[in-house]
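Sequence positions, counted from 1, serve as the residue numbers for this chain.
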Amino acid sequence: MKQITEAKFELGDTLIEILDSPDRKGDVEAITRNYAEQIDANPSTLQNYRYVAKAWPAAMRRSDVSWSVHARLAAEPDRFRMIRNEPPDPTDPEETVPWTEDEAFRARDLMPMHPKTPIERITKAKHMLRKTDEAAEALAQLAERTEVIEAAVEDPRFRQAVREANRERGKKLEERASEARAFAGLTEPPRPAQPPNTPSAKSAPAVDYRDTPSAVLKILGVATSFCVSMQNAVFLLQTESCDETAIAAVSDSLLKVRSVCDWCEHVLTTGKADMDTALAEMLRNEGGNE
C-alpha cells in the first residue's frame with residue numbers, strides 16, 4: 001500500500017512540475033494525452049493524480065494512509081486537520097479505527113462501500129434499489145417473510161402508502177390501457193447505422209509507468225511538453241515575417257536543444273553524464289545544473 005501510494009504521488013508531483021510551470025506554452029490536455037500514451041496510462045487517471053498531489057503537499061501527507069483515502073479527502077477544506085487523527089469507529093464512537101476508504105467516505109458524510117450500521121445498510125439498500133421494478137421485486141420477496149410484513153404494517157407510513165397505492169391502481173390500469181391503444185399503430189423508427197468499429201491506432205508505449213524510474217518519466221514529460229509547445233509555436237511562425245537576427249536567434253536556440261538532446265541520449269545509452277567543453281559552457285551560460 002505504501003509503495004503504491006508513493007508511486008502515485010510521485011507521478012502526480014511530476015505532472016505538477018510539467019503542467020504548472022510558468023514557462024509552459026502548450027495545451028494542458030494535449031500534453032497530458034501525449035504523456036499518457038508515452039507511459040501507457042489513462043489521461044483522466046493522470047489528471048486525477050495531479051489533482052490529488054496538488055491537494056496534498058508533501059509535508060501534509062501521511063505515509064501510513066493509503067492513496068485512496070487522500071483522494072477521497074482531497075476536496076475537503078479541512079482535510080489537513082482531519083487526516084492527523086484516526087477516525088471514530090462507526091459502531092462505537094468512543095473508539096477509533098485506522099483510516100480506510102470507507103472511513104474517508106464517512107468523514108465526508110457520504111455512503112461507504114461496506115456499510116456497518118443499520119442506517120448505512122438501509123441507505124445502501126435504497127441506493128442499490130433505485131430502479132422501481134427492482135425495488136418492487138425486493139419488496140415482494142421481503143413480504144414472503146411473515147415477520148417482516150407484520151412489522152411493516154405496524155408503521156403508519158407503510159399503511160398509508162398501501163392505501164394510496166390501492167386507490168391509484170384502478171386509475172393506472174385505465175391509463176395503461178389507453179397508452180397501449182395510442183401506441184398500437186406506431187412503428188419504431190429505424191435505428192441509425194452504427195459507425196464501423198475503427199478505433200484510432202495507438203502506438204505501443206515506450207515504457208510502463210508502474211516500473212519506470214522517475215527520472216525517465218520526468219524526461220518523457222518534459223519532451224512531451226516541449227513537442228506540443230513547439231507545434232503551437234511553429235504554426236504561429238508561418239504568419240510572421242522574420243529578419244536575419246530572428247532567424248539566427250532561433251537557429252542558435254535549436255542548436256542548443258539538439259545538443260542537450262544528444263547529451264541526454266549519450267547519458268541514456270552509456271550511463272555517463274560527461275560532456276564536452278562547449279556543451280558545459282553553454283549550460284553554464286543558460287543557468288543549468290552542472
Contact check, side chains of Val97 and Glu86, non-hydrogen atoms, under 4.5 Å = no
inquiry  = So does Arg72 get a backbone contact from the side chain of Arg108, meaning a donor-acceptor N/O pair under 3.5 Å?
reply    = yes
request  = Look at atom CD of Glu29 and say whether more than 12 heavy atoms of other residues, nucleotides or ligands are closer to it than 6.0 Å.
outcome  = no
task = Check for a donor-acceptor pair, side chain of Arg130 on one end and backbone N or O of His127 on the other, with a separation under 3.5 Å.
result = yes
ask   = Is Tyr51 linked to Phe80 within one hydrophobic cluster, defined over Ile, Leu, Val, Met, Phe, Trp and Tyr using a side-chain heavy-atom separation of less than 4.5 Å?
value = yes
Worked verdict on Arg258 versus Glu265 for salt bridge (charged side-chain N to carboxylate O under 4.0 Å, His left out) = CA-CA 10 Å; Arg258 292 191 188 97; Glu265 187 174 5; over 6 Å; no
query = Leu129 and Ala135: which non-hydrogen atoms are nearest, and at how many Å?
reply = O-CB, 3.5 Å
request  = Could you check Leu142 against Ile149 for side-chain contact (heavy atoms from CB on, under 4.5 Å), going step by step and ending with a plain yes or no?
outcome  = CA-CA 7 Å; Leu142 286 172; Ile149 199 65; over 6 Å; no
query = In terms of hydrophobic clusters joined by side-chain contacts under 4.5 Å, are Val65 and Met60 together?
reply = yes
query = Heavy-atom count around Met111 CE within 6.0 Å, excluding the residue itself: above 12?
reply = yes
inquiry  = Could you check whether any side-chain N or O of Asp102 sits under 3.5 Å from a backbone N or O of His114, counting only pairs where one atom can act as donor and the other as acceptor?
reply    = yes
message = The test is side-chain contact (heavy atoms from CB on, under 4.5 Å); show your working for Leu73 and Met82 and say whether it passes.
response = CA-CA 9 Å; Leu73 297 179; Met82 294 170 64; 3.8 Å; yes
Salt-bridge criterion met for Asp64 and Arg62 (N-O under 4.0 Å) = yes
key: Check against side-chain contact (heavy atoms from CB on, under 4.5 Å), Tyr49 and Thr14   = CA-CA 10 Å; Tyr49 289 172; Thr14 298; over 6 Å; no
Beyond-backbone contact of Ile18 with Thr224, side-chain heavy atoms, under 4.5 angstrom = no
request  = Taking the side chain as every heavy atom from C-beta outward, state whether Lys2 and Ser63 have any pair of such atoms under 4.5 Å apart.
outcome  = yes
Asn85 backbone acceptor or donor facing Trp99 side chain under 3.5 Å = yes
inquiry  = Please tell me whether Gln160 and Arg157 have a donor and an acceptor in their side chains that are separated by less than 3.5 angstrom.
reply    = no
task = Consider only side-chain heavy atoms of I, L, V, M, F, W and Y, link residues closer than 4.5 Å, and tell whether Val162 and Val153 are in one cluster.
result = yes
ask   = What is the distance from atom CG of Asn48 to atom CG of Leu11, rounded to the nearest 0.5 Å?
value = 11.0 Å
From Ser225 atom OG to Leu15 atom CG, the distance as rounded to the nearest 0.5 Å = 11.0 Å
request  = May I ask you to test the Asp20-Lys54 pair for a side-chain heavy-atom distance under 4.5 Å?
outcome  = yes
task = Mark yes or no for whether Arg50, through its side chain, and Thr45, through its backbone, hold a donor-acceptor pair below 3.5 Å.
result = no
query = Do Arg121 and Thr117 come close enough that some side-chain heavy atom pair is under 4.5 Å?
reply = no
request  = Identify whether NZ of Lys or CZ of Arg in Arg61 sits under 6.0 Å from the centre of the six-membered ring of Phe9 and within 45° of that ring's axis.
outcome  = yes
query = So, Tyr35 side chain and Leu217 main chain: donor-acceptor pair closer than 3.5 Å or not?
reply = yes
message = Check whether Arg79 reaches the backbone of Glu76 with its side chain - one donor and one acceptor, N or O, closer than 3.5 Å.
response = yes
ask   = In terms of hydrophobic clusters joined by side-chain contacts under 4.5 Å, are Ile219 and Val216 together?
value = no
query = Is the backbone N or O of Glu154 less than 3.5 Å from a side-chain atom of Arg159, with the two atoms forming a donor-acceptor pair by type?
reply = yes
task = Would you indicate whether Ile119, at its atom CD1, is surrounded by more than 12 heavy atoms from other residues, nucleotides or ligands within a distance under 6.0 Å?
result = no
inquiry  = Rounded at 0.5 Å granularity, tell me how far CD1 in Ile31 sits from OG in Ser229.
reply    = 5.0 Å
ask   = Do the side chains of His70 and Ile83 get nearer than 4.5 Å, heavy atoms only?
value = yes
query = Do other residues, nucleotides or ligands put more than 12 heavy atoms under 6.0 Å from Arg145 CZ?
reply = no
request  = Output the distance between atom SG (Cys261) and atom NZ (Lys256), rounded to the nearest 0.5 Å.
outcome  = 14.0 Å
task = Identify the two heavy atoms, one from Pro88 and one from Pro93, that lie closest to each other, and give their separation to 0.1 Å.
result = CB-O, 4.0 Å
task = Indicate the atoms forming the closest heavy-atom contact of Asp27 with Val228, along with that distance.
result = N-CG1, 3.9 Å
message = For Lys124, is the NZ atom crowded, meaning more than 12 foreign heavy atoms sit under 6.0 Å from it?
response = yes
message = Ignoring hydrogens and geometry beyond distance, is a side-chain donor-acceptor pair present between Ser44 and Asn42 at under 3.5 Å?
response = yes
key: Heavy atoms from other residues, nucleotides or ligands near CD of Gln3 exceed 12 (cutoff 6.0 Å)   = no
ask   = What do you reckon, is CD1 of Ile4 surrounded by more than 12 foreign heavy atoms closer than 6.0 Å?
value = no
query = Would you say the side chain of Pro98 lies within less than 4.5 Å of the side chain of Glu103, judging by non-hydrogen atoms?
reply = no
ask   = Step by step, would you call Thr91 with Asp89 a side-chain hydrogen bond (donor to acceptor under 3.5 Å, both in side chains)?
value = CA-CA 5 Å; Thr91 60; Asp89 187 337; 2.9 Å; yes
message = Side-chain heavy atoms under 4.5 Å apart, restricted to Ile/Leu/Val/Met/Phe/Trp/Tyr: what other residues fall into the cluster of Ile16, or is it alone?
response = none
task = Would you check, one step at a time, whether the test side-chain contact (heavy atoms from CB on, under 4.5 Å) holds for Arg163 with Glu168?
result = CA-CA 9 Å; Arg163 285 194 295 267; Glu168 294 296 322; over 6 Å; no
query = Under 3.5 Å, side chain of Thr32 to main-chain N/O of Val28, donor-acceptor pair present?
reply = yes
ask   = So, for Ala55 and Pro57, which heavy atoms are closest and what is the spacing to 0.1 Å?
value = O-CD, 3.5 Å
request  = Measure the shortest side-chain to side-chain distance between Leu254 and Met230 over non-hydrogen atoms and say whether it is less than 4.5 angstrom.
outcome  = yes
ask   = How long is the gap from CD1 on Ile122 to CD on Glu120, to the nearest 0.5 Å?
value = 11.0 Å
